Amino acid sequence: MEDNGKTTPHKGGRNPKKDPAVHRYSISLSAEENACFLSLYEASRMDVMAHFITACIFQKGITTITVDKATMDYYMRLTTLFGQFRAVGTNYNQVVKILYRNFSEKKAAAYLYKLEKQTAEMAVLCQKIILLTEEFEAKYLKK
């Protein structure tokens, strides 16, 4: 049969790599060295141990990421609280419009006075939250 310049049909499987890693080396570690190596490997959070070893040998940057659950929880709650403050600000504007539209000038002013007291208390609370956050960052977040 003639080939007619056609390529052979695809046989399936993986495409071969352009530069396959075929050179292998073997090292021996003591129990203490192995424990140290494994702790470094776990701290790097790399998925493949071979990639970690080559990064160590060729002095590539090894990133170690530690996630502090307490800090994450604190910031999640702080974000939720900030969202609630924004909602209160939106409701504040709506209440002021409704007061002036539905009540007399005198009655609206009396209600606004009460609302202003609550707003001042909320501002003091917000300042306390900011101070607590700065204190938390200074004590527990080391950069």
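All figures in this text were calculated on a predicted structure; none of them were measured in a lab.
Expressed to the nearest 0.5 Å, how far CD of Glu116 lies from OG1 of Thr119 amounts to 7.0 Å. To the nearest 0.5 Å, atoms CD (Glu105) and OH (Tyr100) are separated by 5.5 Å.
In Tyr92, the OH atom is crowded: over 12 heavy atoms of neighbouring residues, nucleotides or ligands sit closer than 6.0 Å.
Contact check for Arg77 versus Leu81: no side-chain heavy atoms found under the 4.5 Å cut-off. Side-chain contact between Ile53 and Met46 is absent, with no heavy-atom pair separated by less than 4.5 Å. Ile27 places a side-chain heavy atom less than 4.5 Å from the side chain of Leu29. With contacts defined as side-chain heavy-atom distances shorter than 4.5 Å, the pair Gln94/Thr90 qualifies. Between Val96 and Leu115, the closest side-chain pair of non-hydrogen atoms falls below 4.5 Å.
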TODO: Could you go through the ring-ring contact (aromatic ring centres under 6.0 Å, His included) check for Tyr75 and Phe82 one step at a time?
DONE: CA-CA 10 Å; Tyr75 274 108; Phe82 178 71; over 10 Å; no
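Contacts of Thr133 classified as side-chain contact (heavy atoms from CB on, under 4.5 Å), with partners at least two apart in sequence or in another chain: Tyr74, Leu78, Ile129, Glu137.
Linking ILVMFWY residues whenever their side-chain heavy atoms come closer than 4.5 Å, directly or via other members, leaves Ile130 and Met76 in distinct clusters. In the hydrophobic clustering of this structure, Val48 does not group with Leu38; members are Ile, Leu, Val, Met, Phe, Trp, Tyr whose side-chain heavy atoms approach within less than 4.5 Å, directly or through other members.
Taking a cutoff of 4.0 Å between a charged side-chain nitrogen and a carboxylate oxygen, Asp73 and Lys69 do not qualify as a salt bridge. Using a cut-off of 4.0 Å between Lys/Arg side-chain N and Asp/Glu carboxylate O, Glu135 and Lys139 are scored as salt-bridged.
Residue pairs meeting the ring-ring contact (aromatic ring centres under 6.0 Å, His included) criterion with at least one member in residues 109-128, sequence neighbours excluded: Phe103-Tyr111.
The minimum heavy-atom distance linking Tyr41 with Asp47 is given by the pair OH-O, 3.1 Å.
Looking at Asn93, Leu99, Ile98 one by one, the single match for side chain to side chain contact (heavy atoms under 4.5 Å, CB included) with Val95 turns out to be Leu99.
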